[in-house]
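All remarks here apply to the structure that follows.
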Amino acid sequence: MESITVAVRIRPPKFSEMVGSDKQRLVTSKKDSDLVEVKRATTSLTGCKRTTKDKFKFDYVYEGNTPQTQIYEDLGKVIVENAVCGVNCCLFAYGQTSSGKTHTMLGQDLFSTIETCKNKYDALKPLIFDCFKPLFFILPYDVIYSIYEMTGMDISNHGIVPRVVKELFSAIRKYHYYSVTCSFVEIYNEKITNLLEKKGSKKKYGTLYGGMYTIHNWEEARELVTIGLSNRATRATVMNDVSSRSHAVFTINVKFQPDTSSASSISATINLVDLAGSEQTGKIATSLEERKEGTSINKSLLHLGRVINKLADLSERVSKMTDKKDIEETIKSYHIPYRDSVLTSMLQGTLGGTAKTIMIATASPTEKNCPETLSTLRYASRAKIIKSSSSKNKEEGIDDKLRSLIDEAITQRYNTRKLKTYLLNRNRGDKYYVKNMVDYKDAKSLDAGKMMKITVFVETQSSMFGNEQVSKVIKRVVNDVSSLKPMSLDYEKATTKVLQLKCLNV
Ligand SMILES: Nc1ncnc2c1ncn2[C@@H]1O[C@H](COP(=O)(O)OP(=O)(O)OP(=O)(O)O)[C@@H](O)[C@H]1O
C-alpha cells in the first residue's frame, strides 16, 4: 500500500502583493525540498509577540517559477502511465480562491489567448514570471510565434488536463482498437451542468453518447476544453477577476485492445478536478447570492474532506492489521459517505482504494492569506495519510464484450421493429401519423452508426464466437437492419413531416 501523492504549488506573488503592505512572503520552501514552512506572527498568553513556524512535508513542493511542463512531468505523466495499465485515476486541485488551481489544471492556450485578447498585457499576464516575458514586450506576436514554432519549445502554458489528453492519445495510438470518451461538467450549488452543451457553445467535434463525447484526437479534446471553459460559472470576486465558482470535473474513459491476438481489452477512468475556492465564505462574499454560493462550495468541500478523513481513518486501521481476511472484511464493512454530495459520488471509484489518487494543494505566498494557506496545508496533510494500492480494472474478455454487444443489438432490434411498423402504417391519415410517431418515438434512438459497428464486429470476429445461439441473434439483427436501409430515407422525411404537422397543431 502506498500513500496518495500530495503536492503543493505556491503561486508567484502578484504585482500588487509585491508592492503593497502585504509583501512579506510567509510560505517558503527550500529549493529541491519537500518541506513547506509557514511563518506567522503570534501573541503568547503573556502578551509576547513571536514568530511561529508550521512545517509540512509533502511529496513535491513547487515554488512560483516552476513551469507547467515540470508539474506535468511529475504528476500528470503518472496519470497517463497508470491509465494505460488499466488503473483508475483522480487528480484534483484544492486551495483558496486565486491560488492557482485553474492555472495548474487547465492553464492557458497561449496563442488562442493572444488571438482573442489582442492585448499584450492581458494575454501575457499569466506568464508574468516566465523567463520569456521580456521577448513579448519587444517583439510582435507573429515573430514570437515563429520563433517558438522553429525551436519547438513548449510555451503553450497548458495545464495538466490538455497535457494528459495529448499524452494519452500518443500512448494508445499504436493500438489496433481504442476508444476515448470524455465529459466536462461543473458542479454548481450541488447541480451538475454539462459544460459542453450549454447554450451558445458550438459543438464542433465528437459525438455524444450517454453523456460522454467520443473524441478521436487531442485537438478535439482541446476544442471541448475550450468550449467547457467558456461555459464555466465564473465571477469577479475581491480576490480574483475570473474566479471559478464551481467544481469542474473533466472525465476521460479510455478503452483499448493492447494485443490483436487476444480478445480482451483494457479500460480506465480518469477524473481531473479543478475545485472551487476553499476560503471561508465571509472572506469574498458581498451579497446574499454569493454567500449562498460560498456555503454550497464549502459544504461540498466539507463532504470531500469527510470522505478523505474516512479513507485516511480506514488506512490507519488497516495498517495495524496483519491478517488478509481481516483487512478485506474491514474494507468491505467500512462505510465511506461518497453519496453525501454530488462531487464525492462522481469521484467514487477514483479516490483512494484501488485507484491512483493525486492531490495538488495550491497556496498563495502572502501573509494576508496565511490562515487559508494553513487550512489548505492541514487538509493536504490529512489526505497524505490515505493509503491506496492501485490495481488494474478487470480486463474485459470477449465474453463481456460480446454480452454487452448482444444487449445493445437486442435493444436496437426492438427499436428497428417499432420503426418498421410505423413506416408500414404511416399512410393511415395525418392524426394517426402524429400519434404513431409519438408512440414510436423510441425508434428515433436507432443508432445507425452503432449498428454498423456491431455488424462489422460480428462479421470480422464471428469465427471466435463458436456459439450458435449468439450467432443467430446477431444475424437476425443484421438482417433487420439491412431490410430497414431502403426505408431510412423515408424515415427522415417522415420526421420532418411530423414536425411540420405538430407546428400546425394537427
Ligand atoms: N504558478 C503560476 N504562475 C503564474 N501565474 C499564476 C500561477 N498560479 C496562478 N497564477 C495566476 O494567478 C491568477 C489566479 O489563478 P487561478 O485563476 O488559477 O486561481 P484559482 O485558484 O483557480 O482561483 P478561483 O478558485 O477563484 O477560480 C491567474 O491570473 C493565474 O494566471
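Counting starts at 1 for both ligands and their atoms, following the listed order. This structure is a prediction, so every number in the text was calculated from the model and none was measured.
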Worksheet item: For atom 14 (C) of ligand 1, which of P13, A248, G107, S98 has the closest heavy atom?
Response: S98

Practice prompt. Using a strict 4.0 Å cut-off to heavy atoms of G277, name the atoms of ligand 1 that fall inside it.
Written response: 25 (O)

Fill in: Close N or O approach (T102, ligand 1; < 3.5 Å)
yes

Item to complete: Pick whichever of H103, R11, H247 has a heavy atom sitting closest to atom 12 (O) of ligand 1.
Response: R11

Worksheet item: What atoms in ligand 1 come closer than 4.0 Å to a heavy atom of R9?
Response: 1 (N)

Discussion item. Could you work out, for atom 1 (N) of ligand 1, the closest of G100, S246, P12, S99 by heavy-atom distance?
Written reply: P12

Worksheet item: Can you list the residues that meet the salt bridge (Lys or Arg N to Asp or Glu O under 4.0 Å) rule with E329, with sequence neighbours excluded?
Response: none

Worksheet item: Do you know which two heavy atoms are closest between F58 and V8, and how far apart they sit?
Response: CD1-CG2, 3.3 Å

Fill in: Parallel, tilted or perpendicular, as decided by the 30° and 60° cut-offs, for the rings of Y379 and Y94
parallel

Discussion item. For the CG atom of N309 and the CZ atom of R382, what is their distance to the nearest 0.5 Å?
Written reply: 4.5 Å

Worksheet item: Any N/O of K101 closer than 3.5 Å to an N/O of ligand 1?
Response: yes

Response to the item:
When every non-hydrogen atom of P337 is compared with those of T344, the smallest separation belongs to O-OG1, 4.1 Å

Worksheet item: Should Q68 be listed as contacting ligand 1, given a heavy-atom distance under 4.0 Å as the test?
Response: no

Worksheet item: Going by the atom numbers of ligand 1, which of them fall below 4.0 Å from some non-hydrogen atom of Q96?
Response: 21 (O)

Practice prompt. Go through the steps to decide whether T350 and N88 satisfy the test side chain to side chain donor-acceptor pair (under 3.5 Å), and finish with yes or no.
Written response: CA-CA 6 Å; T350 57; N88 291 342; over 6 Å; no

Fill in: CG on L374 to CG on N369, rounded to 0.5 Å
11.0 Å

